[in-house]
Protein chains: 2
Amino acid sequence: MRRSFDDMKALLKQRNIGLSHHRLKVLEYLAEHHCHPTVEQIYADLHKEIATLSKTTVYNSLHALAEAGLVRILTIEDNETRYDLETETHGHFKCEQCGAIFNFTIDIDAFATNGLKHFDIREKNVYFKGVCPSCLHKAKDNE
Amino acid sequence: MRRSFDDMKALLKQRNIGLSHHRLKVLEYLAEHHCHPTVEQIYADLHKEIATLSKTTVYNSLHALAEAGLVRILTIEDNETRYDLETETHGHFKCEQCGAIFNFTIDIDAFATNGLKHFDIREKNVYFKGVCPSCLHKAKDNE
DNA sequence: TACATATTTGTAATTATTACAATTACATTA
DNA sequence: TAATGTAATTGTAATAATTACAAATATGTA
């Protein structure tokens, strides 16, 4: 369910979420940066363009967008909540060395969920941790 | 890989982790409380028994135990890291209403992980969110 | 353009976590 | 058992992320 930027705007309108300037900027930022940024990163980058942007607004915007179902809140590690556009379900892999986060495709609905028969499941998350190929190479070079 | 308390002590010794009183108490607490407690909960409960226990010690102990591979650090939501004994892989379900966390069995190794061929995967996590049966019932009663 | 409403700002408060130095307990060896 | 070196614990203070809130501003609509 990858959406165009215009589709997303229409969706926001439909859900009665205002299309304020800053809100759209945050959304646009996420659309252009698929690196799962933290609030800090989003704020730092957008602040260069929009001098009056406050961090609170970044939080507000992200929460509003998450509420509208356009943005997913990623909690992989403490002290660094990350944000991502809502797309088809995929897993996240975090490299313990360089901290980068990678997507990988995964059919989460495929696996059996014994013991959750009477639960209303609204969100599914999968995240792995380990070392990415790039860091593995570096380690090998240092031997 | 459910372990007895004695097994765990042996394991700690083997890995050169000291068996201090407080460390064991924290471990024992986790063994007896499978509710995925937060640091706050562990501290509050153990403090009743051990008046001199400090919160820092709880953090230290949990980190040492996690290092030793006996405890798993659960990050489902911000601002509430939770801890669990390391057992066979299972998923976690968090109820958005009452906040309770449930385990469910899942064969994480079963699903294909396309796109992670050259990655060194060291940890796999699955967590779902939604509403638990008990809260679903309550909602129905209020209709 | 004017109005009602929603958004943004900025500051202050809250909370979880970590850093660190001083104290205390532990295990080992004489 | 006492002495010794190492590791654990404590307590306080610092850091950092997030939230609350009231005042100022921007937004969309009539």
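Order of the sequence lines fixes the chain letters, A, B, ..., with proteins taken first and strands second; residue numbering starts at 1 for each chain.
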**Request:** Please report the C-alpha distance between E96(A) and K94(A) in whole Å, then the side-chain angles of each, then the deciding distance to 0.1 Å, and finally whether the salt bridge (Lys or Arg N to Asp or Glu O under 4.0 Å) criterion is met.
**Result:** CA-CA 6 Å; E96(A) 289 168 344; K94(A) 167 152 184 179; over 6 Å; no
**Request:** Using whole Å, report how far OH of Y59(B) lies from C1' of dT17(C).
**Result:** 5 Å
**Request:** For dA17(D), take OP1 and OP2 only and decide whether either is under 4.0 Å from a side-chain N or O of T81(A).
**Result:** no
**Request:** Send over the distance from Y83(B) OH to dA16(C) P, rounded to a whole Å.
**Result:** 12 Å
**Asked** So which nucleotide from dT9(C), dT10(D), dT18(D) ends up closest to the side chain of N60(A)?
**Response** dT9(C)
**Prompt:** For the pair made of CD1 in I50(B) and P in dA25(C), what is the distance, rounded to whole Å?
**Reply:** 14 Å
**Prompt:** For T57(B) and dT9(D), is the shortest distance between a side-chain N/O and OP1 or OP2 below 4.0 Å?
**Reply:** no
**Item:** Whichever of E80(B) and S61(A) has its nearest DNA chain C nucleotide further upstream toward 5'
**Value:** S61(A)
**Message:** Does this structure show an ion pair linking R82(B) with E77(B), if we count only N-O contacts that are shorter than 4.0 Å?
**Reply:** no
**Asked** In whole angstroms, how far is the C1' atom of dA17(D) from the NZ atom of K55(A)?
**Response** 8 Å
**Request:** Check N125(A), T81(A), L65(A) against I73(A) for a side chain to side chain contact (heavy atoms under 4.5 Å, CB included) and give me the one that passes.
**Result:** T81(A)
**Message:** Is there a side-chain contact between T52(B) and the phosphate of dT10(D), meaning an N or O under 4.0 Å from OP1 or OP2?
**Reply:** yes
**Fill in**
Here the residues of residues 35-48 of chain B within 4.0 Å heavy-atom distance, strictly under, of DNA chain D are none
**Asked** For every nucleotide of nucleotides 22-27 of chain D, 5' to 3': is a protein heavy atom under 4.0 Å from its base (B), only from its sugar-phosphate (S), or from neither (-)?
**Response** -----S
**Request:** Write down the distance between CG (L27(B)) and C1' (dA8(D)), rounded to a whole number of angstrom.
**Result:** 16 Å
